[in-house]
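Structure first, commentary second.
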Amino acid sequence: MTISSLLPLLLLLLLVPPPVLPAPRALNIALHAQSSYSVHGWVAGSEVTTSGLSAALSAHPSVNHTEVFAPFLYSTLSDIQKYDVALIEGFIGTVPSFISTLRSMNPDILILHYCLDTYPHIDDILSLDVDAFLTNSHYMASTVLPSHGFKAHHMNLAVDPSVFLPSPSSPPSSPNPFAGIDIVYVGQYSPNKSNLLMMLTEAAEFAQANGKTFAIYGHAWTRSDDPKHLLPYWRGILPFDALSDLYSSVPVVLGTTESKQEDLGMINNRVFEVLSCASNLIISSFPALTDLLGPPSTAAASGVFYVSSPGDTAAHLASILLTSPPPSAPPFNPPGRALVQAEHSWENRAQSLLGFLASDAFPPDAPAHRVNRPLVVLLYDSAAATSQNQQYSLSHYLSNFRALHDAGAIDFDAVDLEGAPSVQFHRTVDLLIARDVYDGAIERQVRNSESSGVKRKGLIYLGGPLAQLPACYDVVGWDLDTPLPPPLAAFPNTLPLPDTSAASPDLFKKSVLDQTINMPPARSKIELLKISTDSADAVGGIDESEASWYIHVHVRLTEFLPPASGVWCVYVNGEQVRCVGDLNGGQRWHSEGVAGLDAGVSFSMREWAERGEGADQISVTLNAGGLDYKQVVSQVDEWIAMRTAAK
């Protein structure tokens with residue numbers, strides 16, 4: 001065949017368009033924050049982080065939808081058919097249940113935990129059922145997490161430069177509430193923040209000696225004697241949307257880091273946010289920070305000044321505020337903003353995250369191995385399978401569970417006790433199932449087990465007397481030739497019957513995954529019983545401005561299971577009094593009388609008046625994770641009587 005004879009064929013091939021390959025399906029990504037300002041009334045860095053990352057991911061062409069969830073804000077979780085990826089920032093009591101719920105919606109989801117500290121304890125973080133970790137600690141990413149079998153990716157925090165602007169967003173005609181402040185600190189008081197009291201004390205003394213204005217915003221400044229000399233500078237709690245305006249209005253922002261985070265080399269949001277607002281940052285120094293921003297001379301060129309010993313804060317304040325002419329209008333530090341725009345935006349981090357998800361760490365055709373995937377244990381006695389149907393049933397259950405194990409959905413262990421029902425567990429069992437007659441040796445052991453290492457219990461019924469199903473069982477199944485007693489027929493959580501018509505692999509998989517999570521039982525109740533008050537000062541003739549009163553809130557909890565069912569919190573007039581659930585160890589609460597919580601919060605009369613609270617009315621809100629919360633407004637006569645007596 002000659003070249004000329006091929007020309008028509010070549011022309012035809014050129015005219016035929018190339019096949020269009022289907023584009024990868026855009027991702028649905030769920031994010032989880034530790035709190036939400038709209039519900040909790042206070043701002044955590046977790047909310048700022050997830051908000052910024054969510055916006056950056058949403059703008060990426062490979063992402064279809066993102067949404068940020070938080071404790072008590074899960075009502076829209078089922079609006080999306082399934083999420084492909086979840087990113088959880090920090091730990092709070094609802095996190096284990098959130099993870100399990102997502103896995104029941106989509107067993108193939110990839111869940112990552114963004115480890116930015118070790119609260120409440122490193123063991124709690126390492127027990128989460130996640131596929132991998134992100135962390136802003138090189139040490140955690142390279143050493144701690146891999147040593148426990150986890151995939152890990154280093155990713156620093158960042159900032160959204162379109163939110164944290166170099167000048168206040170309010171129109172020039174509107175008064176700037178932060179105008180005139182020269183030095184500011186924003187954050188909760190904590191004795192665990194390196195150099196905090198030293199830096200703030202030096203700032204207060206500098207401001208007083210040089211006619212400058214110093215301000216503090218944040219929580220917990222009235223709950224300790226340590227910072228009492230700083231209370232004149234405290235201006236309350238900053239609204240969620242005011243942080244950028246504050247930073248860009250003030251020439252100098254003070255910053256600190258929790259001591260544990262410093263030790264692990266974790267750099268917090270504040271560094272990037274202050275620089276994005278083109279302000280100067282004076283911050284306690286630690287190696288990871290100097291590795292990122294350079295030695296003192298390099299960092300100072302970007303508006304970052306390190307504190308390592310007494311006197312450093314005052315010296316830096318003098319170098320910035322006592323220059324001629326002194327800084328008078330924003331932007332105060334343009335080079336700092338240029339740095340974060342180039343290297344430390346959430347757009348940069350979104351690219352890093354999506355690159356990690358597309359890397360060899362997650363091969364598309366291989367089942368993911370998760371260190372903490374749910375453990376299901378089936379206890380049985382092979383000799384008890386007396387009929388052909390029961391032998392078939394046992395074989396079917398075992399093969400279905402093992403298929404889930406091989407697919408990476410669960411860990412499964414089957415224990416044939418062979419007439420000697422005794423077994424010890426060396427790790428937490430998410431679902432322990434007895435396959436036995438009711439009141440048989442295996443069934444009794446499971447029913448009576450009070451081990452804290454067993455989260456949920458199940459029964460595969462082989463027969464025997466059963467007037468009612470014991471309350472301890474969360475899931476039941478039964479064999480083909482077993483007469484089905486009414487208690488089982490009415491039970492809501494069942495394993496599919498082991499026959500080919502009713503128990504397809506997908507149905508069995510969904511049923512098992514649904515039952516290996518701790519969702520709040522329908523019978524859970526939380527109710528307010530009473531509110532009482534008493535004086536913290538029993539001596540007569542006390543000064544009203546210094547008197548303190550305690551508000552006591554009494555609640556009753558019945559059949560409530562924290563923390564996997566979620567934290568529960570009490571708020572008094574919008575301020576969080578106490579949250580319970582992070583460290584309860586999953587114990588089930590059931591109390592018939594006044595129990596569960598006797599939480600007190602104290603206010604001095606002066607503080608009560610300064611906060612603008614109504615002195616005769618107290619609003620108490622109970623929030624309990626996925627449960628409906630109850631809000632109660634109560635007239636407190638004792639409060640009025642004690643206030644009158646104090647006068």
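Heavy atoms only: backbone and side chains are in, while hydrogens, waters and symmetry mates are out.
Between T118 and K260 the shortest side-chain heavy-atom distance falls below 4.5 Å. Taking the side chain as every heavy atom from C-beta outward, L128 and V95 approach each other to under 4.5 Å. Side-chain contact between H65 and I29: absent, with no pair of heavy atoms (C-beta onward) separated by less than 4.5 Å. F272 places a side-chain heavy atom less than 4.5 Å from the side chain of I267. Between L431 and I410 there is no side-chain heavy-atom pair separated by less than 4.5 Å.
Here the side chain of T50 pairs a donor or acceptor atom with the backbone of E47 at under 3.5 angstrom. S46 places no side-chain N or O within donor-acceptor distance of the main-chain N or O of A33, the cut-off being under 3.5 Å. Distance alone, capped at 3.5 Å, is enough to place a donor-acceptor pair between the S142 side chain and the H138 backbone. Of the possible polar contacts, none joining the T256 side chain to the S194 backbone as a donor-acceptor pair under 3.5 Å is found. In terms of modelled atom types and a separation under 3.5 Å, the side chain of N192 and the main chain of E258 share no donor-acceptor contact. A donor-acceptor distance shorter than 3.5 angstrom exists from the side chain of T135 to the backbone of S137, with no hydrogens or angles considered.
Using cut-offs of 30° and 60° for the angle between ring planes, the F412 and F401 rings count as parallel.
M140 contributes atom CE, which lies 9.0 Å from atom NE2 of H148 (distance to the nearest 0.5 angstrom).
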Run the numbers on Y306 and T290 for side chain to side chain contact (heavy atoms under 4.5 Å, CB included), then give the verdict.
-> CA-CA 9 Å; Y306 300 139; T290 57; 3.6 Å; yes

So W221 and I216, side chain to side chain contact (heavy atoms under 4.5 Å, CB included) or not? Walk me through it.
-> CA-CA 9 Å; W221 288 95; I216 295 173; 3.7 Å; yes

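Partners of D117 according to the salt bridge (Lys or Arg N to Asp or Glu O under 4.0 Å) rule, which considers only residues two or more places apart in sequence or in another chain, do not exist here. With sequence neighbours left out, A242 forms a side-chain contact (heavy atoms from CB on, under 4.5 Å) with F178, L238, P239. Applying the salt bridge (Lys or Arg N to Asp or Glu O under 4.0 Å) criterion to R103, with sequence neighbours excluded, gives D129, D131. Judged as a side-chain contact (heavy atoms from CB on, under 4.5 Å), and not counting sequence neighbours, the contacts of S58 are S54, T66. Legend: residues meeting salt bridge (Lys or Arg N to Asp or Glu O under 4.0 Å) with R373, ordered by chain and number and at least two apart, are D411.
A 6.0 Å sphere centred on CD of E262 holds more than 12 heavy atoms belonging to other residues, nucleotides or ligands.
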Determine all donor-acceptor pairs shorter than 3.5 Å in which one atom belongs to a side chain in residues 351-360; sequence neighbours excluded.
from	atom 1	to	atom 2	distance (Å)
S352	OG	H153	NE2	2.8
S359	OG	F356	O	2.6
S359	OG	A361	N	3.2

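S345 and D160 form no side-chain donor-acceptor contact under 3.5 Å, judged by distance and modelled atom types alone. N28 and N64 share a donor-acceptor pair across their side chains, judged by distance under 3.5 Å alone. Side-chain contact, S276 with Q341: no donor N or O sits under 3.5 Å from an acceptor N or O.
Two rings, from H32 and F98, have their centers less than 6.0 Å apart.
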